[in-house]
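Computed from heavy atoms alone, side chains included, the values below leave out hydrogens, waters and symmetry copies. Residue numbering restarts at 1 for every chain, and letters A, B, ... go by the order of the sequence lines.
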2 protein chains.
Amino acid sequence: MVIEIDFNSDEALYLQLRNQIIMGIATSQFHEGDSLPSVRQLADLVGINMHTVNKAYTVLKQEGFVKVDRRKGAVIAIDVDKLQTIAELKKELRVILAKGSCKNITREEMHELIDEIYEEYGGLE
Amino acid sequence: MVIEIDFNSDEALYLQLRNQIIMGIATSQFHEGDSLPSVRQLADLVGINMHTVNKAYTVLKQEGFVKVDRRKGAVIAIDVDKLQTIAELKKELRVILAKGSCKNITREEMHELIDEIYEEYGGLE
DNA sequence: CATTTGTGATAAGATAAGTATAACAAAAGA
DNA sequence: TCTTTTGTTATACTTATCTTATCACAAATG
């Protein structure tokens with residue numbers, strides 16, 4: 001999977017990594033059990049420091065997307081807690097929907113947006 | 001409208017303000033033409049510095065939610081650019097939907113979440 | 001045995017966030 | 001006219017976060 005860093009972005013590097021890896025899992029570019037590159041490899045690959053990659057992995061571990069195995073490094077391992085996930089999503093969506101509502105985005109259009117993105121993600125459910 | 005700051009949150013104070021005001025507009029607690037409190041008033045009210053409030057207002061202005069009138073202060077004035085808004089929402093939603101997809105949240109459940117939040121917002125379209 | 005792994009400690013620089021204080025011109029009210 | 005309040009700008013300081021750098025260690029690999 002191609003991971004790219006935008007050094008001009010105002011988003012923190014470790015968050016860019018985290019988001020791209022989460023999207024990589026959602027788009028089936030990473031599968032349960034796959035190993036991510038070692039912190040040193042990925043750091044060299046994208047041209048950033050080892051500890052920044054490690055921070056991204058640590059966040060992913062804490063959020064239940066990977067488990068770190070001494071032998072295999074960071075391994076994709078989804079820890080599903082739907083109730084907690086829904087609570088978190090709801091909080092984030094509230095702000096986004098408010099923003100859309102102010103800008104005259106209707107509920108219908110928001111549903112269409114959701115479907116479009118799910119299409120991008122290969123129509124998975 | 002009640003604006004409250006969580007000093008224990010890891011979210012920046014000016015972003016908490018911004019988000020609450022946007023949600024306040026979406027829930028019709030603020031209407032087009034309404035004046036927000038002056039930077040000094042709101043700063044005193046919630047117990048933070050004047051410049052932090054000013055930063056929130058500046059962001060809201062740049063994002064097209066308010067216009068700053070020399071006489072009336074920060075006035076709710078929505079600048080609607082649907083195409084740009086949709087593009088922005090899509091980018092933010094991509095990460096959120098990916099997160100949900102990894103955690104087994106289906107497209108249907110995501111639609112339900114959207115509807116629930118729109119219900120919270122008083123069923124507006 | 002040498003290499004690579006994740007992890008930890010520590011230090012340093014850079015950037016952002018938040019506060020504090022001061023000042024100014026414009027507008028409003030008395 | 002005088003005072004107050006307004007948004008705005010400037011400067012300075014502290015604090016926190018982000019990022020890099022270097023070193024080190026035990027565990028696993030080949």
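No donor-acceptor distance shorter than 3.5 angstrom exists from the side chain of T52(B) to the backbone of I48(B), with no hydrogens or angles considered. Not a single donor-acceptor pair under 3.5 Å links the side chain of S101(A) to the backbone N or O of L97(A). Y121(A) contributes a side-chain N or O that, together with a main-chain N or O of R94(B), makes up a donor-acceptor pair within less than 3.5 Å. Between the side chain of Q20(B) and the main chain of L17(B), no donor-acceptor pair closer than 3.5 Å is present.
When the C1' atom of dA14(C) is taken as reference, atom CD1 of I48(A) falls 16 Å away, rounded to whole Å.
In the hydrophobic clustering (ILVMFWY side chains linked at under 4.5 Å, chained through shared members), V2(B) stands by itself.
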Nucleotide-resolved protein contact map, nucleotides 1-7 of chain C, B/S/- at heavy-atom distance under 4.0 Å
----BBB
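By the 4.0 Å N-to-carboxylate-O rule, E63(B) lies too far from K99(A) to be salt-bridged with it.
Contacts of residues 5-15 of chain A with DNA chain D (heavy atom under 4.0 Å): A12(A), L13(A), Y14(A).
Between the CD atom of E92(B) and the CD1 atom of I117(A) there is a distance of 10.5 Å, given to the nearest 0.5 Å.
For the pair I78(A) and N104(B), the minimum side-chain heavy-atom distance is 4.5 Å or more. Inter-residue side-chain proximity for L89(B) and I96(A) is flagged as met; some heavy-atom pair is nearer than 4.5 Å.
In this structure, the ring-ring contact (aromatic ring centres under 6.0 Å, His included) partners of H111(A), at least two apart in sequence or on a different chain, are H111(B).
With a cutoff of under 4.0 Å to any heavy atom of chain A, the contacted region of DNA chain D is bounded 5' to 3' by dC18(D) to dT29(D).
A cation-pi arrangement is present between K103(A) and F65(B), with the terminal nitrogen or guanidinium carbon under 6.0 Å from the aromatic centre and inside a 45° cone about the axis.
No more than 12 heavy-atom neighbours from other residues, nucleotides or ligands sit within 6.0 angstrom of NZ on K67(B).
Listed pair T52(B) / dT19(C) meets the phosphate criterion, a side-chain N or O lying under 4.0 Å from OP1 or OP2.
Across every non-hydrogen atom of F7(B) and V46(B), the tightest pair is CZ-O, 3.9 Å.
Note on the helix from dC1(C)-dG30(D) to dA30(C)-dT1(D): angle between the axes of the first and last five pairs equals 30°, rounded to 10 degrees.
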